[in-house]
Structures are given as C-alpha cells and as structure tokens.
Amino acid sequence: MIKESLQTSINGQINAELYSAYLYASMEQYFASLKLKGFANWMHVQVQEESAHAIRFANYINDNSGRVIFTAIDAPPVEWDSPLQVFEEVYKHEQKVTSLINGLVQIARQENDDGGLKMLEWFVKEQVEEEENAEEIVNMLKTMDGTEEALASMDRKLAGRVFVDPNA
Ligand code: FEO
C-alpha cells in the first residue's frame, strides 16, 4: 500500500507531467504554424513521452493499491519569438521537472520507501536525458547561422525523431 504523502506528491507529479505534455503540444502547434514540420514532430514525440511519464506514475499508484486523482491543468503559453526561445524554455522547464523528481526522491527516502525509490530511479535517469536533449538543441540553434537553409536543415534533422514507448 502506497504511503499517503508519496501518493499525494505523485498525484501532483502526474499533473506536472500532463502540463508538460500540454506545454509541448502548444509548442508543436507553434511550429506547425511556422510550417516547421520537423520541429513540430520533435514536439509531438515529446508530448507522447510526457503522457507516458504520467501513465508510468499512475501505474505505480495503482500497482500499490492507491488512487490516482486528476486535477486541472494550467493553460500553456501559446506564442514564442523564435525556435531558440522555445527550446530555451524547454530546457528551463526540464530543469524544473528534475527538481520536482528530486523532491519525490526525498519524500520516498523520508518514508523509507524502497519500492518508491526504485521506481524513481528511472525518472532520475530520464531527466538527465531530457535535459541533455534540450540543451543540445539550444546549442545547435545558438551556433547555427540565421539563414533559411540552416533552419530547414535542422528541421529535416528533427523530423527523424521517433517515439519509443518507455512503458511497453
Ligand atoms: Fe516528464 Fe520531460 O519530463
């Protein structure tokens, strides 16, 4: 049976993961409006990943005889000035999510919940990847020359991203 404090915090994290999906869906639509299909594809995969994170947390609560509670999801921003500004926000957002995950680890430690800690290990590793991916794209956009051709080339690169369900 999951401890009340961890259940409450994981339910909060489910909301944060669903907000992340909503934020990236909004970014996907921003890129779609710019006809940058590869950038939009990258965000679409990100939406799927965040949904998978929420499901993974929900599965953990259900597997431990708890109860998943959904709460309202905040509206995401809808406009950005440039692809670079979008990815700077992605990077900042993922750093925030990392600190939320670290907070969950602390709660699981306080509760001496070994199962919870084991489950959270996956998320700790995942956040390293999430931050790396975002930072890499921020750096590419910063060093890229500002021509249409450079942006188109990056768009082709991001079109290749494919979703792999981590819960499968
Ligand atoms: Fe669910 Fe992007 O962290």
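Here, residue 1 is the first one in the sequence, and each next residue gets the next number.
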Steps toward side chain to side chain contact (heavy atoms under 4.5 Å, CB included) verdict (Glu88, Leu84)
CA-CA 6 Å; Glu88 282 175 334; Leu84 174 59; 4.0 Å; yes
Do Glu49 and Arg161 sit within salt-bridge range, that is, some charged N less than 4.0 Å from a carboxylate O?
yes
Could you tell me whether a side-chain N or O of Ser20 sits under 3.5 Å from a main-chain N or O of Ala16, the two making a donor and an acceptor?
yes
Going by ring pair (Phe, Tyr, Trp, His ring centres under 6.0 Å), name the residues that satisfy it together with Tyr60, two or more places apart in sequence or in a different chain.
none
Considering only heavy atoms from C-beta outward, does the side chain of Leu158 approach that of Ile137 to under 4.5 Å?
yes
For side chain to side chain contact (heavy atoms under 4.5 Å, CB included), just list the numbers for Trp122 and His53, CA-CA rounded to whole Å, side-chain angles, deciding distance to a tenth of an Å, and then say yes or no.
CA-CA 10 Å; Trp122 185 89; His53 295 167; 3.8 Å; yes
Go through it in stages, so that I can follow the logic: the residues are Arg56 and Met119, the test is side chain to side chain contact (heavy atoms under 4.5 Å, CB included), and I'd like the CA-CA distance, side-chain angles, deciding distance and then a yes or no.
CA-CA 9 Å; Arg56 197 174 182 99; Met119 177 276 290; 5.9 Å; no
Verdict with supporting geometry, Glu28 and Gln46, side-chain hydrogen bond (donor to acceptor under 3.5 Å, both in side chains):
CA-CA 9 Å; Glu28 179 186 351; Gln46 199 67 12; over 6 Å; no
Same apolar cluster (I L V M F W Y, side chains within < 4.5 Å links), Leu100/Tyr19
no
Is the shortest side-chain N to carboxylate O distance from Glu130 to Lys96 below 4.0 Å?
no
With Phe31, which of Trp42, Phe39, Tyr24 fulfils ring pair (Phe, Tyr, Trp, His ring centres under 6.0 Å)?
Phe39
Do Ile2 and Leu117 share a hydrophobic cluster (ILVMFWY, side-chain heavy atoms under 4.5 Å, transitive)?
yes
Pairing donors with acceptors under 3.5 angstrom, does anything connect the side chains of Glu17 and Gln13?
yes
If hydrophobic clusters are built from ILVMFWY residues whose side chains come within less than 4.5 Å, do Ile69 and Ile55 share one?
no
By side chain to side chain donor-acceptor pair (under 3.5 Å), Thr98 pairs with (sequence neighbours left out) Gln127, Glu131
Dump the intermediate steps for side chain to side chain contact (heavy atoms under 4.5 Å, CB included) on Phe70 and Asn15, then the final yes or no.
CA-CA 7 Å; Phe70 287 159; Asn15 182 280; over 6 Å; no
Apply salt bridge (Lys or Arg N to Asp or Glu O under 4.0 Å) to Lys125 and Glu132, showing your working.
CA-CA 11 Å; Lys125 278 197 205 119; Glu132 265 176 11; over 6 Å; no
Can you name the one residue among Glu89, His93, His44 that meets side chain to side chain contact (heavy atoms under 4.5 Å, CB included) with Met27?
Glu89
Treat each ILVMFWY residue as a node, draw an edge where side-chain heavy atoms are under 4.5 Å apart, and state whether Leu104 and Val128 are in one component.
no
May I ask you to list the residues sharing a hydrophobic cluster with Phe163, side-chain cutoff 4.5 Å, ordered by chain and number?
Val45
What do you reckon, are the aromatic ring centroids of Phe123 and Phe57 less than 6.0 Å apart?
yes
